[in-house]
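Have a look at the structure below, then the notes.
Just so it is clear: chains get the letters A, B, ... in the order the sequence lines come, proteins before strands, and each one is counted from 1. Note that the coordinates shown come from a computational prediction; the quantities given were computed from them, not determined experimentally.
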Number of protein chains: 2
Amino acid sequence: MWYYVDPHSGIPIYVQLKEQIKKAVATGLLTEGEQMPSVRELALQLTINPNTVAKVYQELEREGVIQTARGLGSFVAERRKDFGLQQEGSLDSALEKLMVEAYQLSVDADTLYERFVKKLTTWKDRLWKGVRDNEPGH
Amino acid sequence: MWYYVDPHSGIPIYVQLKEQIKKAVATGLLTEGEQMPSVRELALQLTINPNTVAKVYQELEREGVIQTARGLGSFVAERRKDFGLQQEGSLDSALEKLMVEAYQLSVDADTLYERFVKKLTTWKDRLWKGVRDNEPGH
DNA sequence: AAAGATGTATTAGTTATATAGTACAATATA
DNA sequence: TATATTGTACTATATAACTAATACATCTTT
């Protein structure tokens, strides 16, 4: 297991773990349907409290990243198939945030564009490629 | 003043205020050299504690957004002129974070590219245009 | 020197975070 | 049916983060 949390980093443990799992799902380290380690098991490996892991799993389920069931375990959920108004809004906020950050970093527009395109290239295969439910099929 | 904070939003007040000020600087609502409202004044307007405002100002100064001095006040700082290794790293992290978010939102690469370009257009005038210190002059 | 403005430090109270321990509920398996 | 595994719930405790109230230090202006 490649998770790692630092209790003294200033960032809450449950936030650190949640971000790592979300990134693992996004990059494909965790695949759809794959079983997550149990609450107790992961807590043991990271030497943190089971309650902290449970909190992470609950939030991840609320965000649609995993699905969980008593007695069964937790599993990586299927990715959402819709890209609706709410997602549009979230994407716009994320882009806005990026621009504010870019201003602060004194990046010029050309460099920002170049870095974005480069990053997008490495992610292209991971981003959405399927057919939307509400789209006419190919 | 157009700042607004919600003590019950779950997000710490000082984080809310800091983000708003950073955005105000980035968008040009606050201009270089402009005097910020005093700690007490801003605290009064937002009906929060002066210490909370002070904490925001201290962190903003540490991040190079404002400059502050006892007895004088706080002022919007000049934007940094360098774009070095540390900024490169920060930009890469920001882009990486954007991609993870995009995965979660089920955005396809083309849509993401389109939205990015559109957003970049509206920000182009605000992003860096000056001459770097370590660059040969025009 | 005095007064007024400013940011800063100190102290305290409240809330969030993390842990610990135990018990419960739901599912699979022997 | 019994047992083991899983996530969940509950109470309690300790620590850190956050906010608040008050006093202090620095600078400008009078």
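For B:Q35 and D:dC27, the CD to C1' distance is 13 Å, given to the nearest whole Å. In this structure, A:K18 atom NZ and C:dA18 atom P are separated by 11 Å, rounded to whole Å. When rounded to the nearest whole Å, the span between NE2 of A:H8 and P of D:dT15 equals 12 Å. Rounded to whole angstrom, the span from the CG atom of A:L60 across to the C1' atom of D:dT8 amounts to 16 Å. Atom-to-atom, CG of A:L42 to P of C:dA18 comes out at 14 Å; the value is rounded to the nearest Å. In this structure, B:R70 atom CZ and D:dC24 atom C1' are separated by 8 Å, rounded to whole Å. Distance CG (A:N49) to C1' (D:dA14): 13 Å, rounded to an integer number of Å.
Nearest-nucleotide assignment on DNA chain D puts the 5′-proximal partner with A:M36, out of A:G10 and A:M36. Judged by closest nucleotide on DNA chain C, A:P12 is the one of A:P12 and A:G71 placed further toward the 5' end.
Listed nucleotides D:dT19, C:dT8, D:dG7 differ in distance to B:E61; the shortest reach to its side chain belongs to C:dT8. With C:dT8, D:dA9, C:dT19 as the candidates, the nucleotide lying closest to the side chain of B:A54 is C:dT8.
Within the structure, every side-chain polar atom (N or O) of B:K55 is placed at least 4.0 Å from both OP1 and OP2 of D:dT19.
Within 3.5 Å, a donor on the side chain of B:N51 pairs with an acceptor on the base of D:dA20, or the reverse.
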Inset, instruction - Go through B:D92 and A:K119 one step at a time and tell me if the salt bridge (charged side-chain N to carboxylate O under 4.0 Å, His left out) criterion holds. - result: CA-CA 8 Å; B:D92 193 73; A:K119 181 64 72 178; 3.1 Å; yes
Inset, instruction - Check step by step if side-chain hydrogen bond (donor to acceptor under 3.5 Å, both in side chains) holds for A:S90 and B:E101. - result: CA-CA 9 Å; A:S90 299; B:E101 179 83 5; 5.0 Å; no
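The number of heavy-atom neighbours closer than 6.0 Å to NZ of B:K18, taken from other residues, nucleotides and ligands shown, is above 12.
Using modelled atom types, no side-chain atom of B:Q87 and backbone atom of A:V107 make a donor-acceptor pair closer than 3.5 Å.
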